[in-house]
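Okay, so here's the structure we're looking at.
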2 protein chains.
Amino acid sequence: MTATGASRMIQDRALRPTAKGLPEHIRLNNRILVLQLLYRAGLQSRADLARETGLTRVTISDLISELMGENLVIELGQRQESRPGKPATLLDINRVAFQIVTLDLSGHTRLRGAVLSLDGAVLSSSGLELSGARGEAAFNKVAELLSQVIASATAPILGVGIGSPGIVDRAGVVRNAPNLGWRDEPLQTRLQDITGLPVRVVNDANAAVLAEHSFGGADHDLLLVKVGHGVGAGLLIGSRAILGERFAAGEIGHVVVGTDDGPLCACGKSGCLEAWLSVPRLTSAIQAATAAAANAADAELATHQILTEAGRRLGIILAPIVGALNLLEIVLSGPPELLDGPLSTATTQTILSRTMATETGDLTLRMTEQGQDIVLRGAAVMVLSAQLGVS
Amino acid sequence: MTATGASRMIQDRALRPTAKGLPEHIRLNNRILVLQLLYRAGLQSRADLARETGLTRVTISDLISELMGENLVIELGQRQESRPGKPATLLDINRVAFQIVTLDLSGHTRLRGAVLSLDGAVLSSSGLELSGARGEAAFNKVAELLSQVIASATAPILGVGIGSPGIVDRAGVVRNAPNLGWRDEPLQTRLQDITGLPVRVVNDANAAVLAEHSFGGADHDLLLVKVGHGVGAGLLIGSRAILGERFAAGEIGHVVVGTDDGPLCACGKSGCLEAWLSVPRLTSAIQAATAAAANAADAELATHQILTEAGRRLGIILAPIVGALNLLEIVLSGPPELLDGPLSTATTQTILSRTMATETGDLTLRMTEQGQDIVLRGAAVMVLSAQLGVS
DNA sequence: CATGTTTGTTAGTAAACCTTACGAACGGAA
DNA sequence: TTCCGTTCGTAAGGTTTACTAACAAACATG
């Protein structure tokens with residue numbers, strides 16, 4: 001028995017198509033490929049792009065002229081380098097021709113908004129107090145802030161990106177967001193209708209992990225744990241976000257930690273991660289310990305213990321996840337004065353001691369480099385990805 | 001500020017291309033699409049396929065004639081149904097023209113091999129005692145069994161699929177398999193050179209989860225826990241296998257369970273999942289308890305307790321994973337007399353009680369329906385997927 | 001028996017890529 | 001200075017793919 005002419009290796013590229021292919025899909029594919037290269041590296045000639053993509057100079061020229069027609073790409077004069085041959089014309093994404101508007105709805109009391117450049121830099125930002133608004137009132141606050149931010153843009157807007165707390169489905173419907181009092185709120189569609197702009201709504205932790213991935217540079221699988229009023233996570237595997245069957249992936253706040261009970265949680269269970277790790281719980285525990293302490297050294301010690309125990313609890317939850325997914329990179333987002341120190345040290349230690357060292361030896365756990373704007377920037381990544389295929 | 005002509009929604013289909021697109025890729029895409037439909041549903045006419053795919057009858061006809069030329073598709077006479085119009089010519093994958101050869105190397109003492117039809121049915125099987133062979137000797141045993149099985153095929157062989165324990169990379173190199181004494185063993189390449197057939201080597205648990213996905217029917221994200229001499233898992237998200245950064249995804253056997261210590265594990269830590277749940281540990285614990293019991297009822301009770309506690313420990317490990325990935329379907333593979341009963345009941349209970357009920361309420365945990373042949377059938381899925389793009 | 005319907009094929013068109021060829025612009029050598 | 005090789009970008013023509021339009025074959029029905 002021998003191999004047959006019928007058998008042909010199917011490359012990874014084409015596995016499991018779910019839709020028919022048409023010539024124009026090739027064009028779109030290559031268009032995105034070119035935009036992606038220009039977006040990441042910038043300042044390349046048509047010939048450079050041809051070499052990198054494997055497409056011919058002819059095809060690249062054609063694509064570029066299309067992109068220049070849309071004002072997405074511009075020529076930036078000739079390369080100065082002294083080489084034989086006709087000098088190359090340098091190209092780049094037209095980074096000032098468009099701007100991106102994003103909102104971060106994850107603050108417990110305050111909504112934030114910003115205008116960003118295509119590079120993800122925050123050009124201007126503003127905010128609006130939620131003042132306890134819920135349901136339709138909260139929606140109106142969001143719409144109000146959005147129109148403010150849109151008005152402050154100084155270039156055509158590529159799209160609007162929004163990071164919302166709670167469970168958000170692929171269509172941008174907020175299935176459930178207790179803080180804002182939303183159930184099945186079709187935020188994306190409604191705001192799209194109001195503004196006439198393309199809008200993308202995603203979960204805040206998912207936006208955050210996208211920001212970390214795109215602007216942090218590393219091409220690893222990534223888990224981002226966002227600690228705030230609650231605890232949530234965003235997960236990126238193979239450069240794509242994991243949403244979960246019911247769009248609730250990353251909702252680890254109410255998973256029970258360990259086998260020795262723990263503090264009572266608002267959800268009714270004991271020992272939930274959120275009951276150990278949320279910002280309100282940590283600050284109040286530290287405050288209480290400090291108040292009860294005899295002196296500054298005691299207070300310091302008690303604080304250290306509280307943070308270490310919280311970090312250990314986080315590590316206990318993360319260890320099975322790290323093992324099951326063979327993760328090598330975990331990022332924390334939240335108040336650095338709480339997370340960056342004993343807490344993160346304890347988390348790393350705990351994960352390493354509870355998993356197989358040979359597989360997780362080079363695990364990295366660190367604070368995000370995106371700071372407070374992480375959700376705003378992640379929402380911008382969503383827009384870039386949706387509108388241009390770039391990230 | 002308004003939306004611009006430049007912005008265009010990029011559909012999910014084309015997100016993040018990593019390679020250039022060419023006209024022939026369209027053809028491959030559509031070819032796979034057609035094969036997939038025929039493989040799954042079977043017995044359709046060209047016109048049916050055109051309607052389902054959205055391609056025209058002309059294009060379908062052309063594709064079908066290509067596939068018939070390769071003997072992959074055959075005509076099966078005309079549809080008998082009484083309808084107006086010219087009767088349809090029914091088509092199907094030529095399910096008897098090719099066979100698949102697969103090996104399961106995950107048995108602790110015995111290698112298994114089989115010839116399967118394109119449908120994944122086991123046509124014949126054989127085995128070979130490992131007799132403690134390790135390293136090159138183990139490789140020779142594998143090669144010997146493989147040539148036996150290949151010789152017993154009765155039709156051209158589409159390809160060879162192999163499920164191996166240990167850590168297997170994307171190129172089919174067994175990075176580390178302690179049981180077989182392999183380190184960086186390029187199994188796929190070597191066997192491909194020997195046999196002249198396309199060979200695919202994957203981790204046994206990953207093969208198993210593919211089998212469960214393809215033949216189990218459900219289109220959910222899936223976690224399969226394989227309990228044997230060790231404990232491993234295979235994970236499928238969005239119909240694609242998760243391998244992990246170092247190809248060690250699913251290696252949860254040596255993750256520590258709970259915060260109350262536990263049995264000492266061979267790896268040096270205390271309370272590893274494998275130290276609670278592996279088949280040798282369960283059987284010996286049950287044997288000991290039975291021997292020590294005063295009567296049959298006591299023995300029964302002790303056995304029940306041992307299995308319940310093991311199931312609870314599995315649940316403790318799985319709860320964070322289920323929460324983080326928002327999984328709804330977990331499958332157990334292994335000796336049903338151990339797993340199917342108190343153990344799986346306790347696991348389900350534990351997961352539900354340790355996660356947020358609203359998100360995991362409709363969690364399913366069940367035994368596999370694939371039985372002993374799960375790895376053999378999963379390896380066949382790999383071959384189908386690699387050679388035809390079908391699964 | 002005529003009509004309408006469905007199937008599968010033939011002929012010609014549009015879109016996307018490719019190959020081949022060429023002018024333009026530069027550095028370096030005769 | 002002049003010539004030559006190199007590199008860049010563009011032009012012209014060919015190939016592959018899928019599409020539209022049209023048609024013959026085969027059937028059910030009034």
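The figures that follow rest on heavy atoms only: side chains count, while hydrogens, waters and symmetry mates do not. Reminder, nothing fancy here: chain letters follow the sequence lines and each chain counts from 1.
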Would you say C:dA16 has OP1 or OP2 under 4.0 Å from some side-chain N or O of A:Asn30?
no
Whole angstrom is fine here: how far is it from NZ in A:Lys86 over to P in C:dG23?
13 Å
Please tell me which of the listed nucleotides, D:dG9, C:dG8, C:dC17, lies nearest to the side chain of A:Leu55?
C:dC17
Does the pair B:Arg377/B:Asp119 count as a salt bridge with the N-to-O cut at 4.0 Å?
no
Below 4.0 Å: OP1/OP2 of D:dC19 and any side-chain N or O of B:Thr59:
yes
Candidates D:dG9, D:dC19, D:dA12 - which lies nearest the side chain of A:Val58:
D:dA12
Can you see if the side chain of B:Thr56 gets near the phosphate of D:dA18 - specifically, an N or O under 4.0 Å from OP1 or OP2?
no
Nearest of C:dC26, D:dT17, C:dA16 to any side-chain atom of A:Glu24?
C:dA16
What is the distance from CZ of A:Arg27 to P of C:dC18, rounded to the nearest Å?
11 Å
Without decimals, in angstroms, what is the distance between B:Arg31 CZ and D:dT17 P?
12 Å
Rounded to the nearest Å, what distance is computed from the CD atom of residue A:Gln78 to the P atom of nucleotide D:dT7?
16 Å
Donor-acceptor pair present, B:Arg46 side chain and C:dG8 base, under 3.5 Å:
no
Under-4.0 Å side-chain N/O to phosphate OP1/OP2 contact, A:Ser61 with D:dT10:
yes
What does A:Arg79 touch in the nucleic acid at a heavy-atom separation under 4.0 angstrom: a base, only the sugar-phosphate, or nothing?
nothing
Starting from P on D:dA28, measure out to CD on B:Glu81 and report it in whole angstrom.
11 Å
In whole angstroms, the gap separating C1' of D:dT15 from CD1 of B:Ile26 amounts to 13 Å
Check the distance between D:dT7's C1' and A:Leu90's CG and give it to me in whole angstrom.
14 Å
Whole-Å distance between D:dA18 P and B:Leu22 CG?
13 Å
Taking the basic N atoms (NZ, or NE/NH1/NH2) and the acidic carboxylate oxygens, is any pair closer than 4.0 Å for B:Arg31 and B:Glu70?
yes
Comparing A:Gly85 with A:Pro23, nearest DNA chain C nucleotide closer to 5' gives the residue A:Pro23
Is the phosphate of D:dC8 approached by A:Arg51 (side-chain N or O, under 4.0 Å from OP1 or OP2)?
yes
Contacts of type side-chain hydrogen bond (donor to acceptor under 3.5 Å, both in side chains), residue B:Asp48, not counting sequence neighbours:
B:Ser45, B:Arg51, B:Arg79
Nearest heavy atom decides the nucleotide; on that basis, is B:Arg57 or A:Asp62 closer to the 5' end of DNA chain C?
B:Arg57
